[in-house]
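Quick note: residue numbers are just sequence positions, from 1. Since this is a predicted model, take the numbers as computed values, not measurements.
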Amino acid sequence: MLQRALGSGWGVLLPGIVIAGLAFTDLSLDAWKAMIVLGLLLTSLMLYHKRLRHFVLLPSCAALIGGIVLVVMNWNQG
């Protein structure tokens, strides 16, 4: 039971760390949008795969955190 709780924590922390690192690379808005779309597509594909279904939090959290970064970037420009 403890492994499942840690698994979901890692599913959120790992994409968060990667996206935080990418936030400092000054990507364009189109690159962020493409990353969000890719995360959403991978999430839907991984739901139907028998073995990859257990890792579905990785791309979905990457899309969510990427969307938050995109909102913050647009907020700072406007």
- At their closest point, which heavy atom of Met73 faces which heavy atom of Leu27, and how far apart are they?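 Taking Met73 first and Leu27 second, the nearest heavy atoms are CE-O, 3.7 Å.
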- Atom pair CD1 (Ile68) and CG (Leu64), whose distance is rounded to the nearest 0.5 Å: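 One finds 4.5 Å between CD1 of Ile68 and CG of Leu64.
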Let me check something: any side-chain donor-acceptor pairs from residues 18-25 under 3.5 Å, sequence neighbours excluded? List them with distances.
{"from": "Thr25", "atom 1": "OG1", "to": "Leu22", "atom 2": "O", "distance (Å)": "2.6"}

- Message: Same cluster or not: Val69 versus Met35, using hydrophobic residues (I, L, V, M, F, W, Y) connected whenever any side-chain heavy atoms lie under 4.5 Å apart?
- Response: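 Yes, because Val69 and Met35 connect within a single hydrophobic cluster, where side-chain heavy atoms sit under 4.5 Å apart.
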Run the side-chain donor-acceptor check on residues 37-58: report pairs under 3.5 Å with partners two or more places apart or on a different chain.
{"from": "Thr43", "atom 1": "OG1", "to": "Gly39", "atom 2": "O", "distance (Å)": "2.7"}
{"from": "Thr43", "atom 1": "OG1", "to": "Ser60", "atom 2": "N", "distance (Å)": "3.2"}
{"from": "Ser44", "atom 1": "OG", "to": "Leu41", "atom 2": "O", "distance (Å)": "2.8"}
{"from": "His49", "atom 1": "ND1", "to": "Arg51", "atom 2": "N", "distance (Å)": "3.3"}
{"from": "His49", "atom 1": "ND1", "to": "Leu52", "atom 2": "N", "distance (Å)": "3.2"}
{"from": "Arg53", "atom 1": "NE", "to": "Leu47", "atom 2": "O", "distance (Å)": "3.0"}

